[in-house]
Amino acid sequence: MLSRVQNFSDDGRQMVLWQELGEGAPTVVAFARLCSEAIVASHSRREMPRPGDANHGNLESPVFPADAGETSGNLLESLDEEARAILYLARHRGTIEVKAVNHAFESSERFLTVCVELDMERTFILKRRDDPELTVRFLDGFRQLCVAGLVMHHIFRDFSLTRRGFELARTVQREQVSILLPLAEEQVIGDF
């Protein structure tokens with residue numbers, strides 16, 4: 001680990017690493033890798049393609065965990081409420097960002113946070129200032145979505161639902177994600 005008191009001017013690489021740590025890069029990279037591994041794993045299975053697959057008859061067509069013998073209901077039930085909440089919020093745009101505010105005064109305010117675009121103008125922030133555990137639970141819910149192949153990484157902090165993620169997200173009912181209600185009230189978001 002890097003020392004905060006080390007003279008960074010001697011080694012520019014350490015300064016770059018320190019900057020990356022300050023932006024949560026190792027964790028974001030880990031999420032991106034989980035997404036990548038889920039995509040690679042789906043391509044390595046040798047199963048019959050689903051109608052409409054982009055590979056048109058290629059026996060190595062994408063098969064996500066939910067497609068491999070697990071019904072949508074079973075997969076949805078296996079996810080924590082936080083993961084289902086992320087799916088529910090992302091059901092329209094599918095755009096998810098994992099970011100932090102590294103200049104906030106309170107340490108829990110600097111935590112990486114899952115943010116979901118509701119529409120072009122509004123973003124739902126899955127964080128509560130007085131409850132750092134909740135922020136961590138949403139990060140773990142996001143990890144579950146990555147592992148399940150329901151989310152894919154694009155660039156830097158930007159992720160989205162996969163095709164299968166969109167399909168499953170549309171099955172989540174608002175009543176199944178009551179964890180969102182207090183956050184919506186705090187953020188003054190009534191129609192989510």
Side-chain angles (χ1 to χ4, degrees), residues 1-45 60 62-68 75 78-91 93-118 123-129 131-166 168-169 183:
M1 200 61 170
L2 292 175
S3 168
R4 286 183 152 187
V5 296
Q6 183 175 355
N7 185 353
F8 289 118
S9 63
D10 294 342
D11 187 353
R13 292 173 298 167
Q14 290 189 354
M15 182 60 178
V16 170
L17 179 58
W18 188 251
Q19 287 298 115
E20 290 172 352
L21 288 171
E23 295 175 13
T27 305
V28 174
V29 168
F31 286 142
R33 184 171 180 179
L34 290 173
C35 292
S36 174
E37 288 172 356
I39 291 170
V40 170
S42 72
H43 281 284
S44 67
R45 290 192 187 94
E60 294 186 25
V63 179
F64 291 98
D67 296 331
L75 177 58
S78 73
L79 296 172
D80 290 344
E81 184 178 5
E82 293 80 6
R84 291 191 309 268
I86 295 167
L87 283 174
Y88 176 78
L89 291 171
R91 71 194 183 280
R93 288 190 44 82
T95 306
I96 304 166
E97 187 176 7
V98 178
K99 63 182 178 178
V101 178
N102 63 4
H103 59 273
F105 179 74
E106 264 189 58
S107 58
S108 64
E109 284 291 300
R110 294 187 300 268
F111 284 7
L112 282 172
T113 303
V114 178
C115 304
V116 181
E117 284 185 18
L118 298 177
T123 299
F124 201 112
I125 301 168
L126 297 168
K127 168 191 274 189
R128 179 178 257 161
R129 182 177 185 192
D131 190 357
E133 180 184 356
L134 183 67
T135 304
V136 172
R137 287 175 27 209
F138 277 112
L139 285 167
D140 189 59
F142 182 74
R143 179 198 57 79
Q144 291 176 22
L145 299 177
C146 294
V147 169
L150 300 173
V151 171
M152 65 183 293
H153 178 252
H154 292 275
I155 62 170
F156 299 110
R157 298 179 215 121
D158 296 327
F159 295 80
S160 75
L161 295 180
T162 60
R163 174 180 168 177
R164 182 68 180 136
F166 273 109
L168 191 61
L183 292 171

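Keep in mind it's a predicted model, so treat the numbers as computed, not measured. Residue indices begin at 1 and follow the sequence shown.
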Side chains of Val98 and Leu139, heavy atoms from C-beta outward: is any pair under 4.5 Å?
yes
How far does CZ of Arg137 sit from CG of Asp131, to the nearest 0.5 angstrom?
7.0 Å
Run Thr123 and Val116 through side-chain contact (heavy atoms from CB on, under 4.5 Å) and show every step you take.
CA-CA 5 Å; Thr123 299; Val116 181; 5.8 Å; no
Scan residues 14-36 for pairs that pass salt bridge (Lys or Arg N to Asp or Glu O under 4.0 Å), counting only residues two or more places apart or in two chains.
Arg33-Glu37
Sequence-distant partners of Ala169, side chain to side chain contact (heavy atoms under 4.5 Å, CB included), two or more places apart
Leu87, Arg91, Leu161
Backbone N or O of Glu109 within a donor-acceptor pair of the Lys127 side chain at under 3.5 Å?
yes
Residues two or more places apart in sequence or in another chain: which of them pass side-chain hydrogen bond (donor to acceptor under 3.5 Å, both in side chains) with Thr135?
none
Not counting sequence neighbours, list each pair that qualifies as a salt bridge (Lys or Arg N to Asp or Glu O under 4.0 Å) and has a residue in residues 150-162.
Glu97-Arg157
Going by side chain to side chain contact (heavy atoms under 4.5 Å, CB included), name the residues that satisfy it together with Thr27, two or more places apart in sequence or in a different chain.
Phe31, Leu112
Spatial distance of atom CG (Leu134) from atom CG (Leu183) [nearest 0.5 Å]:
5.5 Å
Which value, rounded to the nearest 0.5 Å, describes the distance between Thr113 atom OG1 and Phe138 atom CZ?
11.0 Å
Who pairs with Gln144 by side chain to side chain contact (heavy atoms under 4.5 Å, CB included), at least two apart in sequence or on another chain?
Leu79, Asp80, Ala83, Asp140
Using the test ring-ring contact (aromatic ring centres under 6.0 Å, His included), find all partners of Phe124 that sit at least two apart in sequence or belong to another chain.
Phe192
Interatomic spacing from CZ in Arg143 to SG in Cys35 - rounded to 0.5 Å:
11.5 Å
How long is the span from the SG atom in Cys115 to the CD1 atom in Ile96, to the nearest 0.5 Å?
10.5 Å
Arg110: what forms a salt bridge (Lys or Arg N to Asp or Glu O under 4.0 Å) with it, not counting sequence neighbours?
none
Please report the interatomic distance CG(Leu145) to OG1(Thr162), rounded to the nearest 0.5 Å.
9.0 Å
Minimum heavy-atom separation for Cys146 to Ala38, with atom names?
O-CB, 3.5 Å
According to side chain to side chain contact (heavy atoms under 4.5 Å, CB included), who are the partners of Thr95, at least two apart in sequence or on a separate chain?
Arg93, Glu117
Partner set under ring-ring contact (aromatic ring centres under 6.0 Å, His included) for Phe159, not counting sequence neighbours
Phe142, His153
